[in-house]
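Worksheet: one structure, shown below.
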Amino acid sequence: MNNNKKKKPTCITQFQNAAVYILPYLHPTELSSISSTCKALNLLTKSITSVRSSDASRTFEKHPIPFINNNVDNHPYAYFNYTKTQTLGFTHDPTRQPWGSCSDTRPESSPICDSTGQDGCGCECEIFDGDLDRVGLICECGSGCRIRVLSVRLKIVRSVNKGWGLYADEFIKCGEFVCEYAGELLTTKEARRRQLTYDKLVSGSKRTSALLVVREHLPSGNACLRINIDATRIGNVARFINHSCDGGNLSTVLVRSSGALLPRVCFFASRDILKDEELTFSYGDAGVNPNGSKCFCGSSCCSGIMPSEHT
Ligand SMILES: C[S@@+](CC[C@H](N)C(=O)[O-])C[C@H]1O[C@@H](n2cnc3c(N)ncnc32)[C@H](O)[C@@H]1O
């Protein structure tokens with residue numbers, strides 16, 4: 001008798017094999033409805049959720065950035081498309097990005113950067129034309145390296161009142177580069193349109209938006225450059241940074257690389273930051289909108305109301 005006969009794949013096995021390729025493209029709500037269809041899919045969706053919550057950056061960054069929800073509620077992670085740097089605004093929904101395949105492997109992290117801005121680490125890098133001594137080590141090449149990548153260890157932690165927040169997962173020295181505010185670059189017209197939509201969606205629900213407006217006062221003193229970055233649908237870890245009325249522990253620096261018209265919005269530690277401290281900055285002046293939502297920053301100078309942008 002020949003026992004070595006190969007078993008023919010059943011329909012179910014074939015379906016499961018295909019699911020492994022399809023599931024990483026699904027949104028959490030889609031995953032959740034699929035998970036209730038059969039035991040096999042339930043297991044697969046569970047493992048996708050666990051991979052997703054283990055790294056918000058989807059292996060795009062040097063270190064994994066886990067979502068940590070200490071039983072605050074049932075949100076295992078937040079869904080958005082990941083970009084390491086600014087990207088042009090989409091008028092329609094951005095195309096889906098795979099995230100959460102069980103076979104994901106992190107690329108080797110041994111960046112060999114050169115000081116010309118060449119992408120030595122296999123990722124998009126940015127030259128900083130500022131004071132390097134002030135910002136210290138940027139990547140593994142040493143203090144002379146002029147290429148900046150997200151290299152501090154971070155984590156995203158859930159809280160009852162503020163939702164997700166970005167935290168230091170190691171000591172961060174004063175002046176160290178933390179991250180860029182990455183997202184869709186929008187025209188002011190589109191930013192205003194989206195802000196109205198977000199205001200309607202966000203009020204009364206637990207949804208949050210992440211549209212940042214930065215104004216750069218130009219040297220003439222008469223003009224102001226407005227930069228609109230929306231990280232709600234496409235962004236990076238900076239979209240989780242919460243507001244603090246006392247200015248927080250991050251300073252916002254506009255970084256210009258040679259030839260670029262628009263600067264990058266970057267965050268640097270404004271003081272030494274301990275492991276497990278929340279990273280925050282000031283979203284702007286409170287009091288602009290007395291009907292704004294409640295602020296839970298907990299600082300001694302908290303105004304009680306979140307600043308809101310009148311776009
Ligand atoms: C850019 S998102 C920050 C990440 C957000 N917490 C989340 O869960 O996705 C901005 C939103 O976070 C919340 N938030 C930020 N700082 C807060 C604060 N000090 N108090 C209360 N809510 C805050 C507000 O809902 C705000 O609209």
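Values reported hereafter were calculated over all heavy atoms of this structure, with side chains retained and with hydrogens, waters and symmetry mates removed. Just so it is clear, the model here is predicted, and its values are computed rather than measured. For the single chain, residues carry numbers from 1 onward in sequence order. Counting convention: from 1, in listed order, for ligands and their atoms alike.
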Practice item. Applying side chain to side chain contact (heavy atoms under 4.5 Å, CB included) between Val237 and each of Tyr181, Phe267, Tyr82, report the one that passes. Key: Tyr82
Check your understanding: Protein residues near ligand 1, heavy-atom distance below 4.0 Å?
Key -> Lys162, Gly163, Trp164, Thr208, Ser209, Ala210, Arg239, Phe240, Ile241, Asn242, His243, Tyr283, Lys294, Cys295, Phe296, Cys297, Met306
Check your understanding: In a check of side chain to side chain contact (heavy atoms under 4.5 Å, CB included) between Asn81 and each of Thr87, Asp93, Ile234, which one passes?
Key -> Ile234
Check your understanding: Should Asp169 and Lys275 be marked as a salt bridge (charged side-chain N to carboxylate O under 4.0 Å, His left out) after you check the CA-CA gap, both sets of side-chain angles, and the distance that decides it?
Key -> CA-CA 5 Å; Asp169 206 15; Lys275 182 177 187 293; 3.6 Å; yes
Review point. Passes side chain to side chain contact (heavy atoms under 4.5 Å, CB included), Asn249 versus Leu279? Steps please.
Key: CA-CA 6 Å; Asn249 47 19; Leu279 303 174; 4.1 Å; yes
Review point. If we ignore angles and hydrogens, is there a donor and acceptor under 3.5 Å between the side chains of Asn161 and Ser159?
Key: no
Point to revise | Between Asp246 and Ser300: side-chain donor-acceptor atoms closer than 3.5 Å | key: no
